Amino acid sequence: MMEITSAEFVISNTDIEKCPPPTKPEFAFIGRSNVGKSSLINMLTGRKDLAKTSSTPGKTQTINHFLINKNWYLVDLPGYGYASVSKETKGKWSDMIASYFEKRENLYCTFVLIDSRLDPQAIDMDFIHRLGAQGIPLALVLTKTDKIKQSELTRSRSKIEKRLLEQWEELPPLFVSSAEKKSGRSAILDFIDKAIQANPIK
Ligand code: GTP
Ligand code: MG
């Protein structure tokens with residue numbers, strides 16, 4: 001089990017060129033606005049206020065790098081699909097996110113977060129397929145599982161898997177989590193640990 005010995009905020013910016021040098025393994029969190037990206041980062045690191053969270057969508061609006069154990073990065077990204085911003089702002093966010101995925105050569109894996117309470121949403125499926133087409137390694141995390149019953153979670157999970165298998169031959173790794181109950185933590189941290197060990201940067 002990987003221990004988190006340190007977690008430090010590094011930089012928040014909208015300019016991909018200002019991200020830290022791509023010399024350490026990096027893991028990003030993306031998903032619809034309000035799905036729980038920032039809360040998951042806090043839960044994984046065991047730091048309550050490391051990433052800023054809010055009950056109103058659209059809280060994270062920049063690319064946020066956190067250095068973990070002096071050795072790898074967690075990245076909190078803005079959400080997509082937030083209805084209440086102007087077309088112009090939406091365009092800027094999606095350009096920023098697209099250039100992040102194009103240019104971050106040290107990206108080991110992107111966790112795409114999906115609200116476990118909802119049926120598969122077109123916006124999530126489209127985003128996942130786009131990342132897949134770009135060859136970006138990804139894993140899925142079903143969030144807010146404290147809000148549903150085990151039976152509903154099972155149903156939700158199989159609906160998503162079924163949708164993915166309509167277009168993919170293989171399913172990406174899938175984790176279930178609750179930031180509230182702190183569940184899913186060790187499985188996700190183990191996955192990160194293994195990914196780093198399998199492909200260490202020399
Ligand atoms: P943006 O930055 O706006 O894109 O949102 P985000 O995806 O970072 O979501 P954030 O972590 O800010 O959480 C949004 C809301 O959902 C907050 O009110 C959180 O407390 C709540 N939340 C996040 N994760 C969980 C969870 O696992 N369980 C429950 N019950 N609430 C959660
Ligand atoms: Mg956020």
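FYI, side chains are in, hydrogens and waters are out, and symmetry mates aren't considered; it's all heavy atoms of this structure. In this text, all values refer to a predicted model and were calculated from it rather than measured experimentally. In each ligand, atom 1 is the first atom listed, and ligand 1 is the first ligand listed.
Only the side chain of Lys147 comes within 4.0 Å of ligand 1, judged by heavy-atom distances. For Ser39, heavy-atom contacts with ligand 1 shorter than 4.0 Å involve the backbone as well as the side chain. Proximity of Thr60 to ligand 1, defined as any heavy-atom pair under 4.0 Å, is shared by backbone and side chain alike.
With no hydrogens or angles considered, a side-chain donor-acceptor pair links Ser86 and Thr89 at under 3.5 Å. In the model, Ser178 has no side-chain atom that pairs as donor or acceptor with a side-chain atom of Thr145 under 3.5 Å. Side chains of Asn64 and Ser12: a donor-acceptor N/O pair is present below 3.5 angstrom, by distance only. With 3.5 Å as the limit, one finds a donor-acceptor pair spanning the side chains of Tyr80 and Asp124. Counted by atom type alone, Asp115 and Thr143 present zero donor-acceptor pairs between their side chains at under 3.5 Å.
Selection from Lys52, Glu180, Lys182 by nearest heavy atom to atom 31 (N) of ligand 1 gives Glu180. Nearest residue to atom 15 (C) of ligand 1 from Ser38, Gly36, Ser54 is Ser54 (criterion: closest heavy atom).
Counting the atoms of ligand 1 from 1 in the order shown, those under 4.0 Å from a heavy atom of Gly79 are 4 (O). In summary, the atoms of ligand 1 found under 4.0 Å from a heavy atom of Pro57, numbered by their order in the structure, are 3 (O). Remark: ligand 1 atoms within the under-4.0 Å shell around heavy atoms of Val35 are 7 (O). Atom numbering of ligand 1 starts at 1 in the shown order; those under 4.0 Å from a heavy atom of Gly58 are 3 (O). Within ligand 1, the atoms closer than 4.0 Å to a non-hydrogen atom of Ser178 are 27 (O), numbered from 1 in the order shown.
The shortest contact between atom 7 (O) of ligand 1 and any protein heavy atom is with Lys37 NZ, 2.7 Å. In terms of protein heavy atoms, atom 18 (O) of ligand 1 is closest to Ser55 CA, 3.3 Å. The closest protein non-hydrogen atom to atom 30 (N) of ligand 1 is Asp146 OD2, 2.8 Å. Regarding atom 27 (O) of ligand 1, its nearest protein heavy-atom neighbour is Ala179 N, 2.7 Å. Scanning the protein for heavy atoms near atom 22 (N) of ligand 1, the closest one is Lys144 CE, 3.7 Å. From the protein, the heavy atom lying nearest to atom 5 (O) of ligand 1 is Asn34 N, 2.9 Å.
Leu77 is not listed as a side-chain neighbour of Met96, based on a closest heavy-atom distance of 4.5 Å or more. A heavy-atom distance below 4.5 Å is found between the side chains of Val112 and Leu131. With contacts defined as side-chain heavy-atom distances shorter than 4.5 Å, the pair Phe29/Ile41 qualifies.
Here the Mg ion (ligand 2) has protein N, O or S atoms under 2.8 Å from it, and they come to 2.
Here the side chain of Ser38 pairs a donor or acceptor atom with the backbone of Lys52 at under 3.5 angstrom. Between the side chain of Ser54 and the main chain of Thr56, a donor-acceptor pair closer than 3.5 Å is present. Without hydrogens or angle criteria, Asn42 side chain to Leu50 main chain gives a donor-acceptor distance under 3.5 Å.
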*Report the C-alpha distance between Tyr108 and Ile192 in whole Å, list the side-chain angles of each, state the deciding distance to 0.1 Å, and finish with yes or no for side chain to side chain contact (heavy atoms under 4.5 Å, CB included).*
CA-CA 9 Å; Tyr108 274 47; Ile192 291 175; over 6 Å; no
Lys147 and Glu180: CA distance, side-chain angles, deciding distance, salt bridge (charged side-chain N to carboxylate O under 4.0 Å, His left out) verdict: CA-CA 9 Å; Lys147 292 199 172 190; Glu180 193 77 23; over 6 Å; no
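Between Asp76 and ligand 1, no pair of N/O atoms sits closer than 3.5 Å.
Aromatic rings of Phe175 and Phe191 (six-membered ring for Trp) have centroids within the 6.0 Å cut-off, being under it.
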